[in-house]
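Written below as structure tokens is the structure these notes are about.
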Amino acid sequence: LEIGSWVSNSDFTVDRGDFGAVETYLATVSNAGATAWFGPSSLTDTAYFQADVGNGTVATEGLSSSPVQNVVRLWNFPGNFTSAPTFRCETEVVNSGDSMGDPSLSPDGSAVAYQETTSAGSASGSGRGIYVMSTALVSGHCATPQLILAGANDAYWSPAAVSPPP
């Protein structure tokens, strides 16, 4: 199991991705277990990993079955964890064969940050680094992602203001 993100003061998402299983769970701190939330109908589509939830949007990453590429996928959040989110859109890697990861929604849910790296985890090379993309649809498709920090990885939004050092 891998941790996804906090969705309240006591609940967080976790994903399970192993041979024969791809699913996102909701876990509660006071409970020793987790409840299945959503997952694919086919194991050829694994873009259900590292779910981040915020303000009506769910962001996940993984291998999409169509096209067969690594993607960041956006979903419409149903407002509860008893119903599965509905597909909104997905964006592909810039470099075929690269990986996308760590989707992180902005505190207001209006944008998602994520990384593109080689399958070995390196962020060096053209088109690799941290991207930011609006979560709003543009003509029925995902907005165009912007590479904001080439050669970097592990982007996370924070609701806290960060003051630069003196």
Let me confirm one number: the [atom1]-[atom2] distance from [X] to [Y], rounded to the nearest 0.5 Å.
X	Y	atom1	atom2	value
N76	L137	CG	CG	7.5 Å
W157	L105	CH2	CG	9.5 Å
M133	I148	CE	CD1	13.0 Å
S104	E61	OG	CD	12.5 Å

Closest approach of [X] and [Y], non-hydrogen atoms and distance?
X	Y	value
A123	A152	CB-O, 3.5 Å
S124	S122	OG-OG, 2.9 Å
P40	Y48	CB-CE1, 3.3 Å
T91	C142	N-SG, 4.1 Å
A59	L74	CB-CD2, 3.9 Å
N55	G109	ND2-N, 3.9 Å

The complete set of ring pair (Phe, Tyr, Trp, His ring centres under 6.0 Å) pairs with one or both residues in residues 91-117, sequence neighbours excluded, reads Y114-Y131
Are any side-chain N or O atoms of [X] and backbone N or O atoms of [Y], one a donor and one an acceptor, separated by less than 3.5 Å?
X	Y	answer
W37	S83	yes
E90	S64	no
T60	A47	yes
Q115	G101	no
N70	M100	no
S119	D98	no
N95	S126	yes

**Prompt:** Does W75 share a hydrophobic cluster with V53, counting links as ILVMFWY side-chain heavy atoms below 4.5 Å and allowing steps through other members?
**Reply:** yes
- [ ] Would you kindly confirm whether V132 and V72 end up in one hydrophobic cluster when ILVMFWY residues are joined by side chain heavy atoms under 4.5 Å apart?
- [x] no
Here the side-chain hydrogen bond (donor to acceptor under 3.5 Å, both in side chains) pairs for residues 143-153, sequence neighbours left out, are none
**Request:** Assess R73 against F87: is NZ or CZ under 6.0 Å from the centre of the six-membered ring, and within 45 degrees of the ring's axis?
**Result:** no
Paired with I130, the side chain to side chain contact (heavy atoms under 4.5 Å, CB included) test is passed by just one of D154, L149, L147, namely L149
Given the options V71, D45, T46, L63 meets side chain to side chain contact (heavy atoms under 4.5 Å, CB included) only with T46
Contacts of T118 meeting side chain to side chain donor-acceptor pair (under 3.5 Å) (sequence neighbours excluded), chain-then-number -> none
